[in-house]
Amino acid sequence: QLQRTGWAFLVVAVTWVGVNAHSGFIRWQEHRGSQAFQQLQIPDELALAQPDPTRWLTPAGKENIAAGAKHLRTAAKFGLLQNGEGLAKLAWFQFLDGNAENALTLLEAAAAHQRTDGKAVSLYYKGAILNRLGRHEQAQASLDRALTERDDLILARQEKGEALWQLGRKDEAIALWSEALQRNPRLVLAANQLAGAKRSLGRFGEAIGHEQQADRFAPADPLYHWMIALRLQNVGMPEMANKHFTRAAQLDPRYANMPR
């Protein structure tokens, strides 16, 4: 017959086995979700060009997103501790699936469980999605938090410039885009945004210089030019946007009739 110490040992042993089994189950779910995340084909820049990126997904891509989201959702639901990285990946799956509001909630939750680099990236993506949704003041606040974590996150600086431009704070936006370009001269979108901004203010000489800088680093990829065009169209720079829509169609005639 088991004595008191024997029962105590048995309880501890069973609990330990259960905890290990549960941990293995959660890790397996996170691993499968991460595998699906790595198989994503849509570039971040293209996904963030519009509020709803589902138009860019293939049927296989949609199936991969659904499977990956299911695994990460299971891990988040049954895990003893929240995994910030897993929540951020689940947020991206949600955004790609057309659920921007769910993505925003998950990105905020992810940031609460992350440190410095990971937290800054989650807050950047939250700010970028808020910009696409037209909630520019909230976007600026999230991007400011991202830059507090990582002042060298240039994409957050560029995205904040867009929020400020949409809020009518044009001088501040131009200053941020200029600073981003000083840190990385190869930022094609920032150079185009600066060109459009200077053009709208009648500073055509400066605009041409920024435009030439952008053209120097832009790849001959129709999808890339389409993404640039959409972003410029979003901020009310139709002349600059049409240039890139035209360039995309020149590189691939199928883009001539693609809805904008």
Q: Is Leu176 reachable from Leu147 through a run of hydrophobic residues whose side-chain heavy atoms are each under 4.5 Å from the next?
A: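 Unlinked, Leu147 and Leu176 end up in two clusters.
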Q: Suppose we screen for side-chain contact (heavy atoms from CB on, under 4.5 Å). Which residues come up paired with Arg203, at least two apart in sequence or across chains?
A: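 Partners of Arg203 by the side-chain contact (heavy atoms from CB on, under 4.5 Å) criterion, ordered by chain and then number, come out as Lys198, Leu201, Glu206.
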Q: Can you hop from Leu104 to Leu123 via hydrophobic side chains spaced under 4.5 Å?
A: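 As far as the 4.5 Å side-chain criterion goes, Leu123 and Leu104 are not connected within one cluster.
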Q: What distance do Glu30 atom CD and Thr74 atom OG1 have between them, rounded to the nearest 0.5 Å?
A: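 Between atom CD of Glu30 and atom OG1 of Thr74 there are 11.0 Å.
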Q: If the test is side chain to side chain donor-acceptor pair (under 3.5 Å), which one of His136, Lys126, Glu162 qualifies with Asn131?
A: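 The single option meeting the side chain to side chain donor-acceptor pair (under 3.5 Å) with Asn131 is His136.
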Q: Do Arg260 and Asn242 have side-chain N/O donor and acceptor atoms under 3.5 Å apart?
A: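 The answer is yes; a qualifying pair exists.
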Q: Do Ser122 and Gln114 pair up side chain to side chain, a donor and an acceptor below 3.5 Å, judged on atom types alone?
A: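 Ser122 vs Gln114: donor-acceptor pair found between side chains.
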Q: So if you build clusters from Ile, Leu, Val, Met, Phe, Trp, Tyr with side-chain heavy-atom gaps below 4.5 Å, do Leu72 and Phe95 land together?
A: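 In one cluster: yes.
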Q: Using a 6.0 Å cut-off, check whether atom CZ of Arg186 has over 12 heavy atoms from anything other than its own residue.
A: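 No, the 6.0 Å shell around CZ holds no more than 12 heavy atoms from other groups.
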Q: Using the rule that two of Ile, Leu, Val, Met, Phe, Trp, Tyr join whenever any of their side-chain heavy atoms come within less than 4.5 Å, decide whether Leu153 and Trp92 are in one cluster.
A: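 Yes.
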Q: Identify every side-chain donor-acceptor pair in residues 45-56 under 3.5 Å, counting partners at least two apart or on other chains, and give the distances.
A:
from: Gln50; atom 1: OE1; to: Arg55; atom 2: NH1; distance (Å): 3.3
from: Asp52; atom 1: OD1; to: Thr54; atom 2: N; distance (Å): 3.1
from: Asp52; atom 1: OD1; to: Thr54; atom 2: OG1; distance (Å): 2.8
from: Asp52; atom 1: OD2; to: Thr54; atom 2: OG1; distance (Å): 3.3
from: Arg55; atom 1: NH1; to: Pro259; atom 2: O; distance (Å): 3.3
from: Arg55; atom 1: NH2; to: Pro259; atom 2: O; distance (Å): 2.9

Q: Identify the two heavy atoms, one from His225 and one from Ala218, that lie closest to each other, and give their separation to 0.1 Å.
A: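 Reported closest heavy-atom pair: CE1-CB, 4.0 Å.
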Q: Going by side-chain contact (heavy atoms from CB on, under 4.5 Å), name the residues that satisfy it together with Ala173, two or more places apart in sequence or in a different chain.
A: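 Scan of Ala173 (side-chain contact (heavy atoms from CB on, under 4.5 Å), adjacent residues dropped) gives Leu164, Trp165, Trp177.
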Q: Looking only at non-hydrogen atoms, find the nearest pair between Ala197 and Ile174 and report the distance.
A: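 The answer is CB-CG1, 3.9 Å.
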Q: State yes or no: do Ile208 and Met240 share one hydrophobic cluster built from I, L, V, M, F, W and Y residues joined by side-chain heavy-atom distances below 4.5 Å, directly or via other members?
A: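 Ile208 does not cluster with Met240.
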